[in-house]
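Note that the structure is a prediction, hence the values are computed from the model and not measured.
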Amino acid sequence: MIEIMIKAVPILLASIWMMHNLNYEKDVKQHRRNVMIELAYCSVQAVIFLFGYFSKMHHVSTVLLVVVVLIYLLLINPKYMNRPFIKNTRTKK
C-alpha cells in the first residue's frame, strides 16, 4: 500500500496542478492543445505506474517516471505549451 501512495499521490497531485494551470490559458486553440498534451502526459504516467506495480519492477518504473517528467518539463512545456521552465529575466534592449 505504501508503494502505491509513494507513486500515485504525486501523479494525482501533479494532475490536479496541471488542470488548475489550464485556467490561465486565454487562447482557446492553445488551451485545447494543452488539455490534450496534459491528458497524454497523465496517461503515460499512469501506464508506467501500473507497469511498475504489476511487474514488480519498481526501480525501472521509477526511472521511467523521472525521465517522463524531465521530458515534459524541459521539452514539451516550453516547445509545445508555451510554458518555459525557466523564466527569462533578461530585458530586451
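Using a 4.5 Å heavy-atom cutoff, the side chains of Q45 and Y41 are in contact. Side-chain contact check for F51 versus V60: some heavy-atom pair is nearer than 4.5 Å.
A distance of 6.5 Å separates NE2 of H31 from CG of N23, quoted to the nearest 0.5 Å. The structure places CD1 of I37 at 11.5 Å from NZ of K79, a figure rounded to the nearest 0.5 Å.
The hydrophobic clustering, which links ILVMFWY residues whose side-chain heavy atoms are closer than 4.5 Å, places L39 and V47 apart. No continuous path of ILVMFWY side-chain contacts below 4.5 Å connects M36 to Y72, so the two sit in separate hydrophobic clusters. Put simply, F54 and V63 are part of the same group of oily side chains (I, L, V, M, F, W, Y) that touch within less than 4.5 Å, one to the next.
Figure legend: cation-pi geometry between K56 and Y53, with NZ or CZ positioned under 6.0 Å from the six-membered ring centre and within 45° of its axis.
The nearest pair of heavy atoms linking S61 to I48 is O-CG2, 3.5 Å.
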**Item:** E38 and N34: CA distance, side-chain angles, deciding distance, side-chain hydrogen bond (donor to acceptor under 3.5 Å, both in side chains) verdict
**Value:** CA-CA 6 Å; E38 289 182 355; N34 290 357; 5.8 Å; no
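Looking at Q30, its side chain does come within 3.5 Å of a backbone N or O of Y80 through a donor-acceptor pair.
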